[in-house]
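Beneath this line is the structure, given in structure tokens, with notes to follow.
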Protein chains: 4
Amino acid sequence: MSQVAYLPVGKREQTKVQNRQAILDAAREVFGELGYETATVRDIIRRTGLAAGTFYNYYRSKEEVFAALADEGARRFAPQLKAIRAQSPDFEVFVRKAIEAYFEFLADEHRNWAARRPPDEPHLHIQGETPEMAAVFNEVRAAMEQAISGRDSLAADPDYMAAAAIAVARDIGDKMLERRPIDTRAAAKFAAAMILNGLKGLPKAGD
Amino acid sequence: MSQVAYLPVGKREQTKVQNRQAILDAAREVFGELGYETATVRDIIRRTGLAAGTFYNYYRSKEEVFAALADEGARRFAPQLKAIRAQSPDFEVFVRKAIEAYFEFLADEHRNWAARRPPDEPHLHIQGETPEMAAVFNEVRAAMEQAISGRDSLAADPDYMAAAAIAVARDIGDKMLERRPIDTRAAAKFAAAMILNGLKGLPKAGD
Amino acid sequence: MSQVAYLPVGKREQTKVQNRQAILDAAREVFGELGYETATVRDIIRRTGLAAGTFYNYYRSKEEVFAALADEGARRFAPQLKAIRAQSPDFEVFVRKAIEAYFEFLADEHRNWAARRPPDEPHLHIQGETPEMAAVFNEVRAAMEQAISGRDSLAADPDYMAAAAIAVARDIGDKMLERRPIDTRAAAKFAAAMILNGLKGLPKAGD
Amino acid sequence: MSQVAYLPVGKREQTKVQNRQAILDAAREVFGELGYETATVRDIIRRTGLAAGTFYNYYRSKEEVFAALADEGARRFAPQLKAIRAQSPDFEVFVRKAIEAYFEFLADEHRNWAARRPPDEPHLHIQGETPEMAAVFNEVRAAMEQAISGRDSLAADPDYMAAAAIAVARDIGDKMLERRPIDTRAAAKFAAAMILNGLKGLPKAGD
DNA sequence: GATGAATGAGTCTTCATTCAT
DNA sequence: AATGAATGAAGACTCATTCAT
């Protein structure tokens, strides 16, 4: 009867994992609803039912949960994106698939938000409000930049091109979330068309 | 032959105007660097060398400077945009001209920012948006939405179309500001091409 | 045509006197409406139409106007009281007359108050809200103390007696001001009877 | 045989109760010395040795401590008053007993005040009223008003009568607190006599 | 490891008073 | 002497973080 415990799976550790996740989930909601500045640690911890001090057993600061959140998002989405890249025969397919995947992710994420920010503050257009989204967004960007820069026939200005593609994906994604029902397919189709046709029409290098 | 004073020109009035402007300028900088939430009234007033209370002689609150800033931007830009719309023979020309004007405005605005903060905060990519820019941006959006919705042959989804166009204009604009030298012409050309070709390639209504 | 000016009565001085009075009047109103703490110098000066700084040409501080106000009240009322004392054949008459005079003063003062304090703050029973009233009140006290202490047959406890008499006069005075019409005669009659004979000695209903 | 804990008695709970009480005590003092307006939360918290923010762990605002204080006083005193009314065979006895009880309360309260401020402010006679006293006072007033209005044989003007009785009780109470030693018996006797019979009915010197 | 009260720096805002014009 | 903007010391309150239990 040896006590072999390769991984900590005792009750205590179980709780630890759960708490960590609970805080992360709460943080996702709260940052989504209030934004980084307005959100308070108490807002986050209140949703978990834990005590204020407990927060600091898991994350050293408000900033750190924020970062952890971003990490998690990226970690979840990155593999998908890699797979898509590997499986796509060409750039167009990649764009379509990637956007689709991103929109799915977005919609999924969105469903987990309870409430939405009351529209009472002056409010710029702040991109990527949720750190996860921001992280995912960066993944997409990286993939797209690489894909684009590989196609030098198009290489009018890869940086601008990636920025434009990303911009479209992001904002169409946001708009999509405001509609009912949320139609990720249609939105993805639109965004892909916009991006691909726009890119194709760009003056070639040397024009 | 007394001197007719069309405007109050005493030293007092002069100082007043200067202070008001100084506060507005400082606010522009601070909001640009820190974002609305993070920025404090003290941050603003500190740059002016004025006393804390003086801020409130000019603006009743942080929110009010913010609004004033937006107003100023809109007030300066709106007439230009209206003129562009009136003078443009077709949608393409309008898009090109509007984007050009917006980019000029952006570049201009940008030149007035003194320093940038060292990137030590978790602030994502929030910076780079002054309330003035946000306001101008809204002007562009309105114009573009109207222009697009008038072209029903293209009417795949006017809302998405406007969003996409705006997204491209905004993000290419931001990217443009990061380059040296700032080339508004090239950026505008790129953005316009991206938008117009993208839009053109969209499936027509009924497809 | 000599320019004999025994007293300063030029236009400048006239204004000075007027301003001083205007500030005093405004202060009376404002202190009456808001109380000493809540009232601000700006509240006072705003009603005069003068500029903020001008206040300090006439009074060195908020506290000083307050004191001046008290002074004025006392100065106006003291002679009356002295006369009453001289003319009263006995203590009872003095009490009656003094109370009557005080109530007249009160009613008069009251007519000059525009509005009343909005009843929104927690609010103890603060006596003598107006500095003038406080001053007058002190005059009455002095007179009554002297009158009482002169009548040693009654001298149970002169200090308590004066306090009790004053208390009745003040609070009945206040109550009187809340009624419409303001009947100083009836109120004075009641207060005097109460002071002299207590509840039991009051005229029965129907008397 | 474990120890059944009917109340939380951990060190934490103990400190909490102590702090709450300390704040309440400090507030009583401070309001008594400075009045509601002049008193600041910092004045209160400073006396407790606690940190500024700690105040807000116990009371949400200055106004709330004030209310809590009043509550506490009323809660302590109301039952006594009710008992007195029930036990009094007639109005005179009720008046005597009620005043006595009120004066006891006052004296008791007074003993708990630590220091008095040097009289350097223009504050008239505002001090000397704790919110608790005000609350208790209102209890007395209510009881007395009801008692008076029930005696229609006397009903010259019940409103004025109650006001007069109350005025005497309050002011004699205040005066009493200024004497050394504080003799609640004598003061109560005087006040009751004064209310019932007026100056003329007071016991002559030597009675 | 959880708890939640304590901490205190920091925020916005008000206001009596000063002072250049 | 009038003006009214500038000043800066408070004030009430918030909140990330610490720490005794």
Side-chain angles (χ1 to χ4, degrees), chain A residues 11-13 15-16 19 37-45 48-65, chain B residues 10-20 37-45 48-63, chain C residues 11-13 15-16 19-20 37-45 48-65, chain D residues 10-20 37-45 48-64:
Chain A
K11 194 178 177 192
R12 192 64 145 286
E13 285 72 23
T15 309
K16 265 173 73 174
N19 281 351
E37 297 296 344
T38 308
T40 72
V41 171
R42 289 183 73 137
D43 288 333
I44 295 173
I45 208 67
T48 64
L50 295 169
T54 305
F55 176 91
Y56 293 88
N57 287 342
Y58 293 96
Y59 298 98
R60 252 182 315 224
S61 67
K62 182 173 147 182
E63 193 176 332
E64 198 177 284
V65 227
Chain B
K11 199 169 185 183
R12 293 285 280 284
E13 280 77 20
Q14 202 178 317
T15 314
K16 220 172 125 180
V17 169
Q18 281 172 3
N19 282 348
R20 180 173 284 274
E37 298 291 352
T38 309
T40 73
V41 170
R42 290 179 74 124
D43 288 332
I44 296 173
I45 208 66
T48 64
L50 295 169
T54 303
F55 175 89
Y56 294 89
N57 287 346
Y58 293 96
Y59 299 98
R60 255 183 311 234
S61 65
K62 185 171 130 178
E63 196 175 332
Chain C
K11 195 179 177 192
R12 192 63 146 286
E13 283 73 22
T15 310
K16 264 172 76 172
N19 282 349
R20 179 174 284 274
E37 296 296 345
T38 307
T40 73
V41 171
R42 288 182 74 136
D43 288 333
I44 296 172
I45 206 67
T48 64
L50 295 170
T54 304
F55 176 91
Y56 293 88
N57 286 343
Y58 294 96
Y59 298 98
R60 250 181 316 223
S61 67
K62 183 173 148 182
E63 194 176 332
E64 198 177 284
V65 227
Chain D
K11 198 171 186 182
R12 293 286 282 285
E13 280 76 19
Q14 205 177 315
T15 313
K16 220 173 125 178
V17 169
Q18 282 172 3
N19 282 348
R20 179 173 285 274
E37 298 291 352
T38 308
T40 74
V41 171
R42 290 180 75 124
D43 288 333
I44 296 172
I45 208 66
T48 64
L50 296 169
T54 303
F55 175 90
Y56 294 91
N57 287 344
Y58 292 96
Y59 299 97
R60 254 183 311 234
S61 65
K62 185 171 131 178
E63 196 176 332
E64 196 175 288

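Below, all heavy atoms of this structure are taken into account, side chains as well, without hydrogens, waters or symmetry copies. By convention in this document, chain letters (A, B, ...) are assigned in the order of the sequence lines, proteins followed by strands, and residues within each chain are numbered from 1.
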- Task: Look at the side-chain N and O atoms of C:N57 and state whether any lies under 4.0 Å from the OP1 or OP2 oxygen of F:dA1.
- Result: no

- Item | Nearest-Å distance for atom pair CD/C1', residues D:E37 and F:dA10 | 15 Å

- Item | Distance in angstrom units between D:E13 CD and F:dA20 P, rounded | 17 Å

- Whole-Å gap separating P (E:dT7) and CZ (D:R42): 14 Å

- Query: Mapping D:R60 and A:A39 onto DNA chain F by nearest heavy atom, which one lands closer to the 5' end?
  - Reply: D:R60

- Task: Give a yes/no verdict on a cation-pi contact between D:R20 and D:Y59, requiring under 6.0 Å between NZ or CZ and the six-membered ring centre and an angle within 45° of the axis.
- Result: yes

- Query: Rounded to the nearest 0.5 Å, how far apart are NZ of C:K16 and OH of C:Y58?
  - Reply: 7.0 Å

- Item | Whole-Å gap separating P (F:dA12) and NZ (D:K62) | 5 Å

- Inter-end axis angle, the helix from E:dA2-F:dT21 to E:dT21-F:dA2, with every axis fitted to five base pairs (rounded, 10 degrees): 10°

- Query: How far does CD of D:E37 sit from NZ of D:K62, to the nearest 0.5 angstrom?
  - Reply: 6.0 Å

- Task: Just jot down the side chain to side chain donor-acceptor pair (under 3.5 Å) partners of D:T15, sequence neighbours excluded, or say none.
- Result: none

- Length of the OH-P vector between B:Y56 and E:dA16, whole Å: 17 Å

- Query: Should B:N19 and B:L50 be marked as a side-chain contact (heavy atoms from CB on, under 4.5 Å) after you check the CA-CA gap, both sets of side-chain angles, and the distance that decides it?
  - Reply: CA-CA 8 Å; B:N19 282 348; B:L50 295 169; 3.9 Å; yes

- Message: Between A:T48 and A:F55, is there a side-chain heavy-atom distance shorter than 4.5 Å?
- Response: no

- Task: Starting at atom CD of B:Q14, determine the distance to atom C1' of F:dG4, rounded to an integer number of angstrom.
- Result: 17 Å

- Could you list the residues that satisfy side-chain contact (heavy atoms from CB on, under 4.5 Å) with D:R60, not counting sequence neighbours? D:E64

- Query: Between B:I45 (CD1) and E:dT13 (P), how many Å, whole number?
  - Reply: 13 Å

- Between F:dA1 and C:N19, is there an OP1 or OP2 to side-chain N/O distance shorter than 4.0 Å? no

- Residue-phosphate contact under 4.0 Å: B:Y58 side-chain N/O, F:dA6 OP1/OP2: yes

- Only counting residues at least two apart or in another chain, list the ones meeting side chain to side chain donor-acceptor pair (under 3.5 Å) with C:T40. C:D43

- Determine: side-chain N/O of D:K16 to OP1/OP2 of E:dG4, distance under 4.0 Å, yes or no. no

- Item | Proximity to DNA chain E (any heavy atom under 4.0 Å), residues of residues 48-55 of chain C only | C:G53

- For the pair made of OH in D:Y59 and P in F:dT14, what is the distance, rounded to whole Å? 17 Å

- Message: If you apply the rule side-chain contact (heavy atoms from CB on, under 4.5 Å), what do you find for D:V41 with D:Y56, and how did you get there?
- Response: CA-CA 10 Å; D:V41 171; D:Y56 294 91; 3.8 Å; yes

